[in-house]
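What follows is a short report on a single structure.
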Amino acid sequence: MTFYPYKNGRLHIEGVSLDELAARVGTPFYCYSASAMETAYTSFVAALGDLPATVCYALKANSNQAVIRTFARLGAGADVVSEGELRRAVAAGVPAKKIVFAGVGKQPSEMATALDAGILQFNVESLPELEALSRVAQEKGRVAPVALRINPDVDALTHAKISTGKAENKFGIDIPSLRGFLASAADLPGVRIEGLAVHIGSQVTDVNPYRTAFERLAGLFVELRDAGWPLERLDMGGGLGIAYRDDAAPDIKRYAEIVRETTQGVGCKLIFEPGRFLTGNAGLLVTRTVYVKHGTARRFAIVDAAMNDLIRPTLYDAWHDIRPVAQSAADAPREPYDIVGPICESSDIFAEQRPLPTVAPDDLLAICSTGAYGAVMSSSYNSRPPAPEILVRGNDYAVIRPRIDYEELIGQDRLPEWLEDEGVSSEPRGAA
Ligand SMILES: *Cc1c(COP(=O)(O)O)cnc(C)c1O
């Protein structure tokens with residue numbers, strides 16, 4: 001099933017034409033297919049079968065309220081990494097008992113908010129963090145539920161900037177230091193260690209590294225429980241990748257089999273934290289061509305989206321499929337284009353030497369697989385208002401984040417008193 005069909009020669013998202021959306025909100029804009037999200041979620045849950053699993057959607061992939069609620073309606077919990085995300089999850093209706101709080105640098109104020117909300121667990125990554133959490137909980141006369149995030153020292157075979165499970169990464173507690181860690185943790189009155197967690201990285205497409213990580217995690221779980229720790233849950237993290245091009249998507253059935261095999265007989269509840277897998281292929285960033293420039297060496301299509309809207313190509317060398325909204329004949333001649341944004345940075349590039357049918361000014365292009373780590377990573381660099389977001393379901397759509405206007409963008413700044421009433425001279429500097 002495709003969620004992005006060409007109908008009457010124009011690209012659609014589900015039943016809605018991208019031309020209509022462009023006319024409604026202007027370009028660039030993000031649009032998401034609710035059906036694609038729902039299908040990804042149900043396929044994930046179906047693969048897990050009868051495993052005792054809670055699926056906690058990792059908000060950082062796409063934290064729009066409408067997206068979170070789409071998953072919450074299907075029964076999902078949430079994996080949050082900041083107080084802001086915690087508040088977003090609660091506001092979207094995710095039950096607190098299905099929220100896990102991850103991240104290496106939680107602040108005491110964030111811990112307090114999460115304790116008050118009554119979340120399922122804090123995934124703790126260091127002793128100082130555990131001590132801080134214990135203090136915060138004690139002050140409230142509470143005991144915080146904790147899962148220790150283990151660094152399994154496994155190479156997730158993904159991009160270095162999204163690899164998190166190696167000993168040299170900042171994440172998790174090293175297995176060799178775990179016993180010493182637990183000796184210190186035993187005396188902390190404000191925490192109860194109820195689980196273990198891993199998260200080896202993102203955009204993992206070869207599922208084999210999961211086997212090593214989960215084996216180590218399950219082995220530790222049994223060992224610690226036998227030693228008397230009241231463990232109940234294993235948090236398997238997220239990271240399952242998607243197909244950005246015609247390469248193979250990770251085999252979700254094999255992933256589930258690996259989970260089943262490595263946790264068989266352990267007797268614990270399981271938590272999963274998929275982010276990208278649920279939203280990545282559910283989104284398009286739609287942009288309009290402003291100019292086509294023929295350089296001596298290259299042909300540039302300069303579009304109205306930029307690296308402030310989608311940073312993945314710049315940050316991770318990510319490859320995104322780019323489809324013209326106008327359908328072209330299968331045998332239409334193709335020429336290589338560099339698809340670039342208007343920002344004053346050489347790295348403001350979406351694609352290099354991409355073969356496309358002729359691109360002309362005003363042509364709409366859809367940058368595919370941008371539902372995860374797209375809008376959430378956007379900024380207003382170059383004073384560009386962030387792109388609006390639209391959620392589509394069948395023939396319906398709704399603007400789920402409007403474009404802010406320039407007054408709002410500029411109005412966030414404040415002048416200090418000493419600059420306030422002094423008029424600004426329009427004379428050239430030094431003019432009499
Ligand atoms: C980022 C993150 C996730 C989600 O990663 P995806 O690759 O989007 O699935 C899950 N858990 C933790 C702890 C994370 O940091």
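Numbering of residues begins at 1 and proceeds along the displayed sequence. Just follow the structure's listing: the first ligand is 1, and inside any ligand the first atom is 1.
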Is the shortest distance from a heavy atom of G239 to ligand 1 less than 4.0 Å?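 Yes, that is the case, since the closest heavy atom of the residue is under 4.0 Å from the ligand.
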
Does at least one non-hydrogen atom of F171 fall below 4.0 angstrom from an atom of ligand 1? no

Are K166 and D174 close enough for a salt bridge, meaning some N to O gap below 4.0 Å? no

E194/R233 salt bridge by N-O under 4.0 Å criterion: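 Salt bridge between R233 and E194, a charged N being under 4.0 Å from a carboxylate O: yes.
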
With nothing but distance in play, are any N or O atoms of F277 less than 3.5 Å from an N or O of ligand 1?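 For ligand 1, there is no N or O atom that lies under 3.5 Å from one belonging to F277.
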
Can you find an N/O atom of R149 closer than 3.5 Å to an N/O atom of ligand 1?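 For ligand 1, there is no N or O atom that lies under 3.5 Å from one belonging to R149.
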
Nearest 0.5 angstrom please: T113 OG1 to F101 CZ, how far? 8.0 Å

Quick one: look up the protein heavy atom nearest atom 1 (C) of ligand 1 and list residue, atom name and how far away it is.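 That would be K60 NZ, 1.3 Å.
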
What protein heavy atom is closest to atom 4 (C) of ligand 1, reported as residue, atom name and distance in Å? A58 CB, 3.4 Å

Can you check whether Y210 and Y255 have ring centres sitting under 6.0 Å from each other?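 Aromatic pair counts; centres sit under 6.0 Å.
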
Would you mind running through ligand 1 and noting each atom that sits below 4.0 Å from a heavy atom of [X]?
X    : answer
Y373 : 1 (C), 4 (C), 5 (O), 6 (P), 8 (O)
G275 : 6 (P), 8 (O), 9 (O)
R276 : 6 (P), 8 (O), 9 (O)
E273 : 3 (C), 4 (C), 9 (O), 10 (C), 11 (N), 12 (C), 13 (C)

Tell me, please, whether W319 has R354 positioned over its six-membered ring: NZ or CZ under 6.0 Å from the ring centre and within 45 degrees of its axis? yes

Does the ring of Y373 carry K60 above it, NZ/CZ under 6.0 angstrom from centre and within 45° of its axis? no

Heavy-atom contacts under 4.0 Å between V204 and ligand 1: side chain, backbone, both, or neither? neither

Report the part of S202 (side chain from C-beta onward, or backbone N, CA, C, O) that has a heavy atom under 4.0 Å from ligand 1; answer both or neither where that applies.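 Contact part for S202 vs ligand 1: both backbone and side chain.
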
Hey, what's the ring geometry for Y57 with F71, parallel, tilted or perpendicular (30° and 60° as the breaks)? tilted

When you check the side-chain N and O atoms of N123 and D235, is any donor under 3.5 Å from an acceptor? yes

